[in-house]
Amino acid sequence: MRWSNTFIPTLKEAPAEAEIVSHQLLLRAGLARKLAGGLYTFLPAGIKVLQKIEAIVREEMNKAGGLEVLMPAVQPPEIWKASGRYEHAADVLFKVSDSKGREWLLGPTHEEVIASIASTEISSYRQLPVNFYQIQTKFRDEIRPRFGLMRAREFIMKDAYSFDVSDGDALVSYQKMYDAYVRIFDRCGLHAFPVEADTGVMGGSHSHEFMVPAENGESEVVYTEDGSYSANLEKAVSAGPCSSTPNKCTGSPEEFETPRVKTIEDLTKPPFNVPAMLQIKTLVFITEKEPVIVLLRGDDEANEAKLAVAFRTPIYRTAEPDEIKDVLGASPGSLGPLGIKGVKVFADNQLEEAAGMVAGANKDGFHKRNINVKRDLQGLVFSDLRAVREGELTSDGQPVKIKRSIEVGHVFKLGTKYCKALDASFLDESGKKQFPVMGCYGLGVTRTLQAIIECSHDENGIMWPMAIAPWQICITALDIEPDGPVMKSAGEIYGQLLDLGFDVILDDRDLRPGIKFKDSELIGFPLRVGIGSKSLKDGNVEIFVRASGEKITVPVDQAASRIKAILA
RNA sequence: CGGAGCGUAGCACAGCCUGGUUAGUGCGCCUGCUUUGGGAGCAGGAGGUCGAGUGUUCGAAUCACUCCGCUCCGACCA
């Protein structure tokens, strides 16, 4: 490609809308432009990268036995109602109506669609296992699109769906995808590592997320240095808080006055001086059907995903102050577990043996001390509800750390939920009706693109890994006189490199050298060949290695072979 | 959805508080000359319904109200 024949609008300054570096470089390097919040146009250089990532994904999916299909982005709401996700995923569903007023959905994912294919097309165990995948545009009505392609409302995703005759077979399919993901990210030059994950709104039992550590990631990963444990914060469990929960039995519950105390922290201060770990945090949520109460140690925080498991529904919200008053008869700040009737109370495991605790009296301005959980509270449902914190130990005694990461892929073993909902069954060897065990595997293609930028750049711009660079080599001709020696040599090397199978761009723009150098580094071509009359005078050209900054002077006629050697 | 900030040329911004020539600066763009190995110089030029609407006023980019859009924070932390 000759640069003058393509379109790469680079920017000297970063647009104000871009906050994080990968978003800024995405725009500055002329890869993409924003149409509206969370909606982007990919320009020629961006498309090149995207296509290279997609090619790697296709290759590895095919190698893993995946069969490519393409499903509609527009979907009928009925199948979503059948799976129950019309309600469960309501907040991210893009709804549109046609000219007759009929409602449609823009698909955020395709479990329902593939399950309906399975329901009509798969009828025998002989057809299994099978794994369909597609690379397609998805739509999610994100409450807050952010960071360019990281959290967009329209984005490209590879999604795959496996169907197996048994749970055991499904695990084999799962592992194949897991391994394929490892290879895909590796080939993209990304250090993505798998962590145990929550299954959330998808349902299912077994799940891993592929995470790329990055300051600006939106997920938090809990891990140990020795690599023996890694999990999404939503899923993570530890052996418990660093300090053990007080369990010294004391006298009977006793009310005391706590005017103006509104928070756990207020109560830790004089004149009360009650450490947070000695308090019971009382939270009120409203689920689909009813209000529920959650108890935690005062210094612990609730984990949303774990609450969803305990509540047996992902649909819940925090209660409003007047709803809290209805349930407990007091305002936030004076809430406690004593005397609760007719409301389900979920308590974190940490409280099971707790004694001598302090909590609100459910009377504004009062708290109670000497609460002994076993003695004073009945009917609690105990489970793990707390969020893990840095420094706690795993069950193996390893201290955990937390780091921010970008989720670039997510694999699930789903079970039979969708097949049952869409009535996709098959007959097994004995002629018995069975539901296939399904798995689904998402990989954010556009997000991966930006994650690579986020992980691979310096102050001058992007540093593309060879495998996905828009062009692998940029030939920077410093004099573009068509019949001049510089352009002649540039043209020769260009032809040789093309013949060698490289993806090459020839910068033939009539611009000053500085601009060409800066642009090539901003866009991040792995190699640049600089050709100007100065070096040519001695019969040389300069090879610049973007990643290392190394500059190599080589004779013109050896340029192509040297590059071949460097890239081998 | 709640809070905060911002919308002025393709991009980055000034002007607004305290209303009053023809709305500015830098980058980019076009023309010409010069320059040519790290975002050049000179000269000339194009490009703006000042986000939209309504109101106040003799007069609105500037003041008020409404709406729209963008960005950030929050949306379990009692």
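As the structure is a prediction and not an experimental result, all values here were calculated from the model.
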Chemist: Where the side chain of A:Pro513 is concerned, which of B:G39, B:U36, B:A12 is the nearest nucleotide?
Modeler: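 Nearest nucleotide to the side chain: B:U36.
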Chemist: Using OP1 and OP2 only, check whether a side-chain N or O of A:Arg512 sits under 4.0 Å from B:A40.
Modeler: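 Yes.
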Chemist: Kindly state whether the ring of A:Phe311 and the ring of A:Phe346 have centres lying under 6.0 angstrom apart.
Modeler: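 So the answer is yes for these two rings.
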Chemist: Which nucleotide in the set B:G38, B:G37, B:C11 lies at the smallest distance from any side-chain heavy atom of A:Ser535?
Modeler: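 For A:Ser535, the side-chain atoms sit closest to B:G37.
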Chemist: Judged by each residue's nearest nucleotide on RNA chain B, which is more toward the 5′ side, A:Ala14 or A:Asn460?
Modeler: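 This one resolves to A:Ala14.
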Chemist: With a 4.0 Å cut-off on N to O distance, would you call A:Asp483 and A:Lys488 a salt bridge?
Modeler: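 Looking at A:Asp483 and A:Lys488, the cut-off is not met.
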Chemist: For the residue pair A:Asn216 / A:Glu454, report whether a side-chain donor-acceptor contact shorter than 3.5 Å exists.
Modeler: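 Distance-only check passes for A:Glu454 and A:Asn216.
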Chemist: So A:Arg528, base contact, sugar-phosphate only, or nothing? Heavy-atom distance under 4.0 Å.
Modeler: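 Result for A:Arg528 = base.
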Chemist: Rounding to an integer number of angstrom, what distance separates B:C73 and B:G10 when you compare their P atoms?
Modeler: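 Going atom to atom, P in each nucleotide, I get 28 Å.
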Chemist: Under 4.0 Å, counting only non-hydrogen atoms across every strand here, what does A:Lys306 touch: a base, just sugar-phosphate, or nothing?
Modeler: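 Nothing: the residue A:Lys306, judged by heavy atoms under 4.0 Å, touches no strand.
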Chemist: Any chance you could list the contact pattern along nucleotides 70-78 of chain B? Use B for base contacts, S for sugar-phosphate-only contacts and - for none, protein heavy atoms under 4.0 Å, 5' to 3'.
Modeler: SSBB-BBBB
Chemist: Would you state whether a donor and an acceptor, one from the side chain of A:Arg28 and one from the base of B:G28, lie under 3.5 Å apart?
Modeler: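 Not at all, since no donor on one side and acceptor on the other fall under 3.5 Å apart.
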Chemist: Check the phosphate of B:G37 against A:Lys534, side-chain N and O only, distance under 4.0 Å to OP1 or OP2. Yes or no?
Modeler: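 Checking A:Lys534 against B:G37: at least one side-chain N or O falls below 4.0 Å of OP1 or OP2.
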Chemist: Salt-bridge test for A:Arg151 and A:Glu218: reply yes if a basic N is under 4.0 Å from a carboxylate O, no otherwise.
Modeler: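 The answer is yes: the pair qualifies as a salt bridge.
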Chemist: Do the side chains of A:Asp519 and A:Arg509 get close enough for a salt bridge, i.e. N-O under 4.0 angstrom?
Modeler: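 Salt bridge: yes.
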Chemist: Is the A:Phe256 ring parallel, tilted or perpendicular to the A:His367 ring (thresholds 30°, 60°)?
Modeler: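 A:Phe256 vs A:His367 ring planes: tilted.
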Chemist: In whole Å, measure the gap between the C1' atoms of B:U25 and B:C68 for me.
Modeler: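 The same atom, C1', in both gives a distance of 29 Å.
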